[in-house]
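We name chains A, B, ... by the order of the sequence lines, and we start the count at 1 in each one. Predicted model only: the values in this text are computed from it and were never measured. Hydrogens, waters and symmetry mates play no part in the numbers below; they use all other heavy atoms, side chains included.
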Amino acid sequence: MRVLRLVSFLVIAALLVAACGGGATPAPAATSAPETEAGTSEEYTDEWGVVKVEAGSPIRIGFGAALSGAGLDVLGIDEKRGAELAVADKGDLLGFSVELVAEDDLCSAEGGTTVANKFVSDPSIVAVLGQMCSSGCLGAMDIYQEHNYTMVSPSCTGVVMTTRGNTSFHRVCWNDEIQGPAAAEYLYSKGITKVATIHDGSPYGEGLANTLAAAFEELGGEVVSAEAVNVGDTDMRPLLERIKSAGPEAIYFGGFVAEGAYLASQRIDVGMEDVIFMGADGLQALDYVKAAGSASEGTFVSAANPAEAGPGMPAFLEAYQAAYGEEPPAPFHAHAYDAAMVIMNAIEKVAQTDADGNLLIGRKALNEAIGSTSGYQGLSGMITCDEVGNCGTGTVAISEVRDGEFAVVWPE
Amino acid sequence: MLKRSLRRGALVGGVLVFIALIGAPAAFAREPVVRGVVTLSQLLLAIGALLAGSGAAPATRTRSTGAVVAAGAIAGAVCMLLLALLALLVSAVDLRQVLVNATPQLVDELTLGRGVVTGSTVLVVLGTVLGALGGWSTRLPAAISRSAVLAGAAVVVVGVLRDKGLAIAEAVALGVAVWAVAYGRSRWGSALATRYQRVQRRNSTMVSIVVWIAGLFILLGLPSILGTYGTSVLDLVGLYVLMGLGLNIVVGYAGLLDLGYVAFFTIGAYVTGLLTSPAASTQLGLSFWIAWPLAMVAAAGAGALLGIPVLRMRGDYLAIVTLGFGEIIRILVLSDTFKSVLGGAQGIIEIPGPSIGSFTMMRPQHFYYLILIGVMIVVFVSRRISDSRVGRAWMAIREDEDVAEATGVNLVKYKLLAFAMGASFSGIGGAIFASWVHSVFPNSFTLLVSINILSLVIVGGIGSIPGVILGAFFLVGLPEVLRSFADFRMITFGALLVAMMIARPEGLWPAKSRRRELHLEVAE
Amino acid sequence: MRRRLSGPVDVTQLVVSGIGLVILLFVVYRLVATLMGGTYGVSTYASQAIFGLAQGGIYALIALGYTLVYGILFMINFAHGEIFMGGTYIAYFVIAAFDRSGFLESNPLLAIVATVATAMTASVILALGLERIAYRPLRRAPRLVPLITAIGASLFLQYAFRGLFGTGVKVYPDTHLHVAGIDILGGRYDIGGMVVRPIYFVVFLMAVTLMLALWILVQKTKMGKAMRAVAEDKDTAALMGIDVDRVVVLTFALGAALAGAAGVMFALYNKQVTHTMGFIPGIKAFTAAVLGGIGNVPGAMLGGFFLGLAESTFPTLLGLDSQLKDVIAFGLLVLVLIFRPTGILGEVLSRKRA
């Protein structure tokens, strides 16, 4: 009886697979192999292959970020919303709609690998907006490279990404080596000589804390304490009490909103309200101000210079509130918005329409168009790509929280 | 009768209101199941009404068809009435301060885009009709209705998985085909089974050889059928099978509850990373084939090491200490304290794939065969060991430690052996994992991995090798299938896990010798 | 309590105790080294101990729920952390509304009581729903099966709250309640260079009081007697005319109510509420319950305080990175269990249930 159950299960499973797969091959009707393209289109060829979007079908862009998992889903969902709003703002692209295909990568290397394999198995995906974390990017980027998919990451800040020789990688954020030294310079210029660093154990936070420490010591300052918290910790007071006895004049934190807000507010509980608290762009979200309450007043964050950003932010925030019923809970929505815009602008630039009204997008042309983005004023700042794929190349500004808002204090 | 209908309708309606408020209708509105006919969100509502109708009926079995249909209709109407009320409420009051998904879009979706008043009316009428249909369906012979449910489910699943949904013709064809197979099985299934058994008895070796060869061919050919993504999912499943079988030895055979099994996976992966990656602190850059056995030995050693202090602990004390061990290992590899050796938060990157001669494994298809070999070895070892003297000793420990000891089973030896052996399987998995992802990061080795492995062993059927394999497909494959549900992936997974265990508490494929309770305590 | 006479086991015990001794010696050595080093003053240790007691109080209250359910059903209610989260989350909307309307400021005591009551009610409703849907059908199943449904339920609840109420952080308002001139909820007082918040002691006292009340309930009342009877033997208890279902439901309700109360206290001094806030405290409280001897009411509380103190003071005392605090806490757990394999107070119950 068990054998029979297995057989009938297999038959039904086979039917399902056949139905799934059987229809999928003709339906997208897109190929990445140049030779099959030669017949259908007049001499639109591309070394990396051409995506053909049939008239009436949407242009599909992959999106990979952590959409579940404690502490990280907030970042991923925020990015997804930013990208969705960009798609909505753009409206029709050359008469085609744009569809965002969102996949959950759990912010892990294996998640990045699986999502990348899923996207490269689907020839109708034009480009990928992602991944969100450095670990996810490292798991995914070689697969995209091998299959000639271009990627724009909103938030992979790891230094190593752009030193591996991948030509299909781009990011609209900085790498970890830019903010740390800028923050160190600012703190030192304020006459601070003793700083304590804390990070949250993420590659992002750890990278920031380390680069700040190195730069600060080079300037002649002293790092009196280097500590770390775990994501999900809520009681930072014992740690802060310990740091207090090292006598720092400033605390620098590499990490995200929840832990940052706990540190900022609990430093008052140990009598360190006079100690400067500073974070990086991982804290530049209104939820940080909300969560830390009055304790956030007078704390600093480093982020892209808003003077170089486009004027769209107020309208964006309004649209965000209307669509999702809350304020952005995490900092990288603007980067995701910009990444989506960079991709869509590049598609606009290179896509051609054939006689039947289908859209043809060359993968290499698209990759190059993204890579040559220059002077685009995004929500997050100036977007100009360099030769290795660093597109978030604007300058750093440091903001202070004043009356619940981020006010730029440096450069003056 | 009326009371039952009302209750059933209210229950299903409540569930639908919940689903509406977590934002599913708005998200699924863009997900066509049958192109141009019905979207997933509409289908959700329809299925709700059908369920309400069919659920209202059984108490009225003795009654006429008319009564059953009426009961179903009432339940369906009540169910949709609740949703209509929700739509009215949301359109009248701004609830978004609290419930973020109470949007105008939700109202639109619930009222089928026809405005609040007409839409609600249409909704209730539709609910009544579908509920009546659901009630009527309970009067059909079980064979027909059950196959119909299966066919419907198949159409929905395929429609959801296909990006653009099914065309009408495809949907009909698929539904009819599945229905025919399922109906055929329930009608002529038992006759076929006896026929098969007769054939099998007559030429048992022949049949089993044919089955084995066919199975082998399918296994070897799978990557080319499934493509890159399908194979990469299969790779993950394979890795979890490896680990599941390892944990199965500890929990299933020896009855030692281990909640920190991920520790050995971590150790396997990190040993491989340290030995093979030229970017690691050690800068050894050894071959994968040297690192693999070393990773296995290191994991086995760690298993034995963990085993010693917990020898005297039982049940949940053991569980929490092993959980702690898993966390300790994760935090140690993450910590700044050992950063200079283990890489800290930045992990170990640039781990090369295994190479044979000048060929280096890169794609999931290449790893598939490596993992398949690993799984086959582990399955073989597991099978042989469960029937051996060692396996019987473990079983004795599992059933009653004190009695086992009294009958001359050396507790220390066999417990440590179980830990070491289980750990070594996981070490193999970790080694392959590291070279498969080309990097290791501490955040891949959380408590959730341990929980996942334990879940797959229990969902599959504790102590059962085929059960573990099925469990791995279910627990790793399912989240993959649900990946495109994005925001709703984990909530669906959690609900399915609960439903699954309630429906089949003994697991998907329970071990033959083990339908009894798993005893971890000395005696109750 | 384990009488073993055969040779090899004695050797094992020797080895195990040896390992324990090595850990102990390491701890003592580091302790002495740090204390002699004099890097940190007395106020550092004293403050850390106070923080640890408050955090431990939260763990203890959650651990009581674990221990109660375990004592009766022998199951690890993995979703208990989510019940803690659920109550806190729902109560947030109440206290936020009070804050907006000004009621919180004008009538803080009433507002806080109402908030705590809401949290307890919400937690109880969640727990009872969970028991009815996910656990009751599995009462007779192998004991690892409810563990898996509990894990499923835990995931479901987390993501259900995220779906319903959004991803953004919810922040409890600043709350002030003056008793004898001291602001016991929001105040900060400088005592000899140490900043002390009375709320730490409020949490501590509340944990102790609720534990004592629970202990009296279990030991002295008729209902407690029924609970103990069910814990001993469900079938015999049923024969004696005890409604087992009712007792189980009451147990879940009690545990959940404590978790709800703990949640509000937690949120009053830590402020942030998110859908994932229950997971880690849940794990820690489970650890605390085991540490104290699972199934044992005073044990759960002792375990909670021990864990809270270990986390807050030991990294500094041992001179290790704070990042390793969980390593230290779990290491101490192993140490305790090596010398007392059934937890601090678990002895009486161990033979039967451990």
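Counting heavy-atom pairs closer than 4.5 Å to chain B, the top-ranked of the candidates C/Thr287, C/Val334, C/Leu157 is C/Thr287. Between chain B and the options C/Ile19, C/Ile76, C/Leu164, C/Ile133, heavy-atom pairs under 4.5 Å are most frequent for C/Leu164. Ranked by non-hydrogen atom pairs under 4.5 Å with chain B, the options C/Val16, C/Leu155, C/Val290 are led by C/Val290. The candidate from B/Val321, B/Thr492, B/Val498, B/Val98 with the greatest count of non-hydrogen atom pairs under 4.5 Å with chain C is B/Val98.
Looking at C/Ile294 and C/Phe286, their side chains come closer than 4.5 Å, going by heavy atoms from C-beta outward.
When heavy atoms are compared at a cutoff of 4.5 Å, B/Phe493 approaches chain C solely by way of its side chain, counted from C-beta outward. At a 4.5 Å heavy-atom cutoff, the contact between B/Ile502 and chain C is made by backbone and side-chain atoms alike. Interface remark: B/Leu447 contributes side-chain atoms only to the contact with chain C (heavy atom separation under 4.5 Å). Proximity to chain C is limited to the side chain of B/Val459, based on heavy atoms less than 4.5 angstrom apart.
In this pair, C/Tyr89 and C/Phe161 present their aromatic rings tilted. The plane angle is within the 30 to 60° band.
Remark: the backbone N or O of B/Ile22 is paired with a side-chain donor or acceptor of B/Asn101 at under 3.5 angstrom.
No side-chain donor-acceptor contact under 3.5 Å links C/Asp99 and C/Tyr172. Between the side chains of C/Glu82 and C/Ser154, at least one donor-acceptor pair of N or O atoms lies under 3.5 Å.
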